[in-house]
Structure formats: structure tokens, C-alpha cells
There are 2 protein chains.
Amino acid sequence: ALYSGMRPRGVLAATLLDNKDWMSSPITDPKEMEKNPDLMRIKMEMMIMDIQRVFCRALEAEEDGKKFQVDKWSRKEGGGGITCVLQDGRVFEKAGVNISVVTGNLPQQAVQQMKSRGKTLSGKNLPFFATGISSVIHPRNPNVPTVHFNYRYFEVTDEEGKKHWWFGGGTDLTPYYLDDADVEHFHKTLKQACDKHSTSYYPDFKKWCDSYFLIPHRGETRGVGGIFFDDLEDGDPEDLFKFVSDCAAAVTPSYLPLVKKNKDKAYGYKDRRWQLLRRGRYVEFNLIYDRGTKFGLNTPGARYESILMSLPLNASWEYCHKPEPGSEEARLTEVLQNPRDWV
Amino acid sequence: ALYSGMRPRGVLAATLLDNKDWMSSPITDPKEMEKNPDLMRIKMEMMIMDIQRVFCRALEAEEDGKKFQVDKWSRKEGGGGITCVLQDGRVFEKAGVNISVVTGNLPQQAVQQMKSRGKTLSGKNLPFFATGISSVIHPRNPNVPTVHFNYRYFEVTDEEGKKHWWFGGGTDLTPYYLDDADVEHFHKTLKQACDKHSTSYYPDFKKWCDSYFLIPHRGETRGVGGIFFDDLEDGDPEDLFKFVSDCAAAVTPSYLPLVKKNKDKAYGYKDRRWQLLRRGRYVEFNLIYDRGTKFGLNTPGARYESILMSLPLNASWEYCHKPEPGSEEARLTEVLQNPRDWV
């Protein structure tokens, strides 16, 4: 893969500039990338560009001709991003795939928000670097689940000049109707990617995912989970990078078969209403609890359209809605209240 | 008025129990109310019950036969509420009017969240009392604005045994299309209620409203404002109670004429789409920034259905939506970015 960092110097920049298949030219100047092809920042940027391309093209292939709108943006405080959105398609009601490479200084409080746990970093205004890919796909057909994934890499320099770095990420599924075989395929694909690196990863990160995507006031999870991890900083950074790359590469094979299988299934008004209600819960989680959304909206000069592209095109809230006992809606709700093991 | 506290003892409880026009029987035991008719807690409860009745009946009169669903609920930690919701009507897509009378102990952190500013209260687990009325009305026709109001009274006892109390509240309007005369009527009615008590109230609380209902990431207010105040604790509690009562009583005359005037106006698909997008912004404000929603969801044993009844039945998010220059949608947006004086 282009992002392996093994490519001989001189070829890298040319490949980046020539490759017409990227969603856009890179955020970092290709000449800068060429100078430091083995730097983790550069390797991450190339990896996420590649994932963005592969995933967007795979989704476009499922649509009826509609393509992603590509917005390359820059942030005056440093860095920028590439936001790809396909909205109001026949298959995808709203599909967003965003990558960003951001540098600058962050107040200590904001830095703490980047980490879910672990040590406090000292210093007031810390230089930081953050890069990542983030995506939410809301299909139109209620038989196709919503998928979300995010893979990220951070660097922060404390006031003693020490550089701290860590990886984070995850992929999770939010079905509207439960097809056990689909959910099993999804989890199995993620587990395979994890198992190549450590057999403890999948069970640990599956559990972490269920607890992260909890909507406390409703006592239910956002979806049927997947994997989630943060503050990954122990061990060889190259090994961790390979793990994160494998997880990101597993998104398309974990999700695309579910789109192909279900996108043309028949559905009715009742199914659509239920899907919109579940999307309301999705909005609740993202706006009230999600650390990524909070961090994004608190970052000075952030592009809020790229952060809020995760919100569905349409969502509903019904007062005191209760699924009918014994219905498919009730079966899903029960699983969301009692997360299940899928592999 | 029943809530003047001037009624001779013995009549109060009987009136409360006999009056078939209340949405429900009171939350506090009428015998308890009867014992202490001059206690601020009791007077507030009777005032908000009366406002709930008047407002709900006035809205029902605009509907085609549909009535409010009334849910009386109790909270195991102490107190309860009466939630009235009219959903999916012809005129009102979602109308919620909730009153609550809640007692218990709150962690110091949660107590601080109740106050927008002012002194820190000492102590770990403080006994508190909170009562209030809260309402959001989302009409179906985009020519009818959404209205929100909330009037509340708090008591907290600190660790030295000193009782602190304060009032808060406000009424604000969120139009989808700007009818200047409507907005002027709305603000004028609120100003009249304020002016009876202090000529500084309306200008001060109008400004406070514009700054409170700001959506920072979008650089626009939720609507065209109204009045908002918090931590009202200086002066005679009886005077403040009369002020709050007059503000609450001004809700129906400020808003009902707008419903009557616009509820049957013609509208098209474009108008409805715009209304749904604006409702998405409403959701953003309520879930990300609103202190009331946060306080509610953080209160142990809170009834989340009564808190989230403020969310619209339907809402939309379009990536990078921009109103057409020169359009009515653009004119509204400009006013939301630059709050105007209406009286």
C-alpha cells in the first residue's frame, strides 16, 4: 500500500500528485511529505487519504450515478481537511467521510478532552498535531444499518518539551432492524483485523465500544457496537500504526456487503418512522455525549459543517414512544439495552 | 387569581380538588398546600398550575378537536410533575407544557449548574427544592413561530443551614419566516409585563436573552429572542414573585394571536424544508448549550421524556445549506446573526 512508508524517495510526491483517484490533493504540501516519508504524521495522512478514497469509491459504486461532493478546506490556525459528502442519494441519505490534519496550540483544558484517561499534561498552551479520518453513513433504506468509524493520531508537546503521542479509533454499527447474520459478519470482520495484532484487542475494544456509545438517560447503546479504543500509546508506534491501518482497512469489507444485501429491500411507512426515531437517538448521543463532537466544536477555527455532517438528513422525536411488545422494534431495543456478544 | 395567596384558608384545598379545569391534581398534597398557602413554594406551584391550564386550553382551542395528553409522574427521590403533550395535531406538530416540583439532595457541582453566575454555595450534598413550568410549542405551519417559555423558583440550603433562593425565567420566539409585526407584538407584550415592575427589566432581559440563546459554532441566535433572566434574588421575594407571575401570564397574549393569524396560511415544500432545517438548529442549541436541558438530564431520577419533549417531531440537517441571497430565508438568517431591537 502507498501508506506503508516503504516507497523509495522521489516516487512518493509524484505518485501523490499524479494519482487522479484521490478525492483531493493532500493537505500537507507533497514536497514536505516527500522529505519525511517515514514520519508518523505523514504516514497517517497518506493512510487516511487512501482509506477515504477506497471507502468513498465503494459507496459511490452502490449509488445510481450520484458522486461525493469534495470540499478541501484550510484552517487559519494551521492545517485543514478534505470533507466528502454524498447527500440525498437513492441509496445514501447522507454519507460523510472527512479527513483532517490540524496543527496549532490548544488550551490545557482542551488537550485533556482529547484523552479519555491517563496522565495530565502540564503547560498552558500546548503545541498539538491531530490527524484522523471520521465518517458516518446514513442509508435511506431502514434495512441498511448506519455505520460510523474514526481513526486518529495525536501529538502534544508539554512545557518540558516532551512529545506525547497516541492513537485512537473505532468502527461501530447502528441497525434499525436487526439481521443477526449482518451484525455477526460486521463484528467478525473487525475481530479478524484485531486478532492479527493481539487476541486481547477485540474483546477489550468491543467492551469499550459498548460503554462509550451508551446513551445514559435512555439506558441504551446507540447501536450494536463494534470496536473503540483511545490513548493507545504503549508499545512500538509502528506496530500500533499497522494495527490502526488494518482496522481502517476493515471498514469497507465489514460494511459494504450489508449495503449490497439490503439496499433494495422493500420497506413501509412504519419502518421509515422507526428509522427516523432511531436517528433522533443518534443525534442525542452525538450532540450530548460524543467527545469527538465536543472536541471539534471547542477547537478554535474548527469547520463546524465537517463536524456536524455526522447528523442525519432527517430525524424525529416522538414523546413517550414505546415499541410494540414482540415486534422487531422491541427486539432491537432489547439488544440495545443489553449488549450482546456477536462473535 | 387563585395563586395570589390571598384566598382565605379552608377554601384553597377544596378549590384545588374541585376545579375540573386543572390539567391534573396538584403534585403537592392539597392538605399540605392548605397548611402553608403563603409559602413561596406553594404559591409558585399554584401559579404554574394555573399558567399550564390557561395556556394548554388556549392551544387546544386552536386545534381541530385534539387534546393534550396529561401524564402525572412522580420521582422516587422526591416530588414529581405534570407533563402535557399534544403531538401530531393539525395545528401543533408538537406542543409540550411541563410543570415540576422537585425536592432532594444535589451534588455541589449540580447546584452550581442551576445558577448562571453568582456566589458559590459551600457543602457537598445540598438539600434543594426546584419548581417551574417549561414549554416549547412547535406548530406545523412554517408561518407560525415556535415559542418557548420557562419560569422557575429554586431553594438550596447550604452547609451552615442558610437557605438561598432565586427566580429565573424567560419567553422567546423562533420564527421560520419573519413577520415584523408579529415579532413586534410579541416583544411589546413582554415589555408591558416587565415595565409594570421595573423599566430596566425589559432592556436588560432582552439583551440577556439574545446572548443566552446564541449558537456559538454557527454565530447565530436560536430565534428573535424575548426575555431571559436568572439568579433573581435581590429584593422582596413577593415583588419578584409578582413579576415572574406577570411574565408567565403574558405568554398566552404574546403568542396566541400569532397562531390565530398564521395557522391556516398556505405554504409549500420549500417552506417546510426550511422549517425542518431551522428545527435542526433548535435541537443543536437544546442538546449542546441549554443549561436547563443539561441540568435536567444530570438530575438523578429525572424523567427524560419530560425534558426532551422540547425536541421537535421532525428535524433536518443539510450539509452546507446556504439560503438564497435576497430570499426570505436569507433575511431571517441575517436577523439571527445580528439581533435587532423590536420595540
Side-chain angles (χ1 to χ4, degrees), chain A residues 68-71 73 83-88 93-98 136 138 215-220 272-273 276-277 279-290 293-294 296-322, chain B residues 68-71 73 83-88 93-98 136 138 215-220 272-273 276-277 279-290 293-294 296-322:
Chain A
F68 273 93
Q69 171 187 337
V70 179
D71 291 324
W73 49 273
T83 302
C84 302
V85 173
L86 194 161
Q87 186 170 275
D88 218 1
E93 200 169 341
K94 197 157 165 199
V97 189
N98 184 58
V136 176
H138 292 297
I215 305 176
H217 60 271
R218 295 202 181 259
E220 60 184 42
R272 172 67 169 168
R273 287 299 310 165
L276 293 176
L277 285 181
R279 293 216 162 133
R281 313 282 169 98
Y282 208 92
V283 171
E284 285 177 28
F285 179 83
N286 286 22
L287 296 186
I288 306 178
Y289 302 109
D290 186 53
T293 304
K294 274 187 202 175
L297 292 178
N298 283 330
T299 304
R303 186 174 187 261
Y304 67 83
E305 288 284 4
S306 299
I307 299 161
L308 299 180
M309 69 170 197
S310 66
L311 302 179
L313 190 60
N314 298 294
S316 295
W317 283 269
E318 276 180 30
Y319 174 70
C320 287
H321 181 275
K322 292 268 180 308
Chain B
F68 274 92
Q69 171 187 338
V70 178
D71 290 324
W73 49 272
T83 301
C84 302
V85 173
L86 193 161
Q87 185 170 274
D88 218 1
E93 199 168 342
K94 198 160 166 196
V97 189
N98 183 57
V136 176
H138 292 295
I215 306 176
H217 62 270
R218 296 202 181 260
E220 61 185 40
R272 173 66 169 167
R273 287 299 309 164
L276 293 176
L277 285 181
R279 294 215 161 133
R281 312 282 170 97
Y282 209 93
V283 172
E284 284 177 28
F285 180 84
N286 286 23
L287 296 186
I288 305 178
Y289 302 110
D290 186 54
T293 305
K294 275 187 202 174
L297 292 178
N298 282 330
T299 304
R303 186 175 186 260
Y304 67 83
E305 289 284 4
S306 299
I307 299 161
L308 298 180
M309 71 169 195
S310 66
L311 302 179
L313 190 60
N314 298 294
S316 295
W317 284 268
E318 277 180 30
Y319 174 68
C320 286
H321 180 275
K322 291 266 180 308

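Just so we're on the same page: letters track the sequence lines, and every chain starts at 1. Values below: every heavy atom of this structure, side chains too, minus hydrogens, waters and symmetry copies. Not measured: the values here are computed from a predicted model.
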Leu313(B), part contacting chain A, at a heavy-atom distance under 4.5 Å
both

When the ring centroid of His217(B) is compared with that of Tyr289(B), is the distance short of 6.0 Å?
yes

Top contributor to chain B interface from Thr83(A), Thr293(A), Val85(A) [non-hydrogen pairs under 4.5 Å]
Val85(A)

Can you tell which part of Leu308(A) gets under 4.5 Å to a heavy atom of chain B, answering side chain, backbone, both or neither?
side chain

Under-4.0 Å salt bridge between Arg272(B) and Glu93(B):
yes

Determine whether Trp317(A) and Val283(A) satisfy the following criterion, side chain to side chain contact (heavy atoms under 4.5 Å, CB included), listing intermediate values before the conclusion.
CA-CA 10 Å; Trp317(A) 283 269; Val283(A) 171; 3.9 Å; yes

Donor-acceptor under 3.5 Å (Lys94(A) side chain, Leu311(A) main chain):
yes

Which atoms of Arg279(B) are under 4.5 Å from chain A, going by heavy atoms: the side chain, the backbone, both sets, or neither?
neither

Side chain from CB out, backbone as N, CA, C, O: work out which of these in Tyr319(B) comes under 4.5 Å of a heavy atom of chain A, or both, or neither.
both

Ranked by heavy-atom pairs below 4.5 Å to chain A, first place among His321(B), Gln87(B), Gln69(B), Met309(B) goes to Gln87(B)

Any donor and acceptor pair, going by atom type alone, linking the side chain of Lys294(B) with main-chain N or O of Ile288(B) inside 3.5 Å?
yes

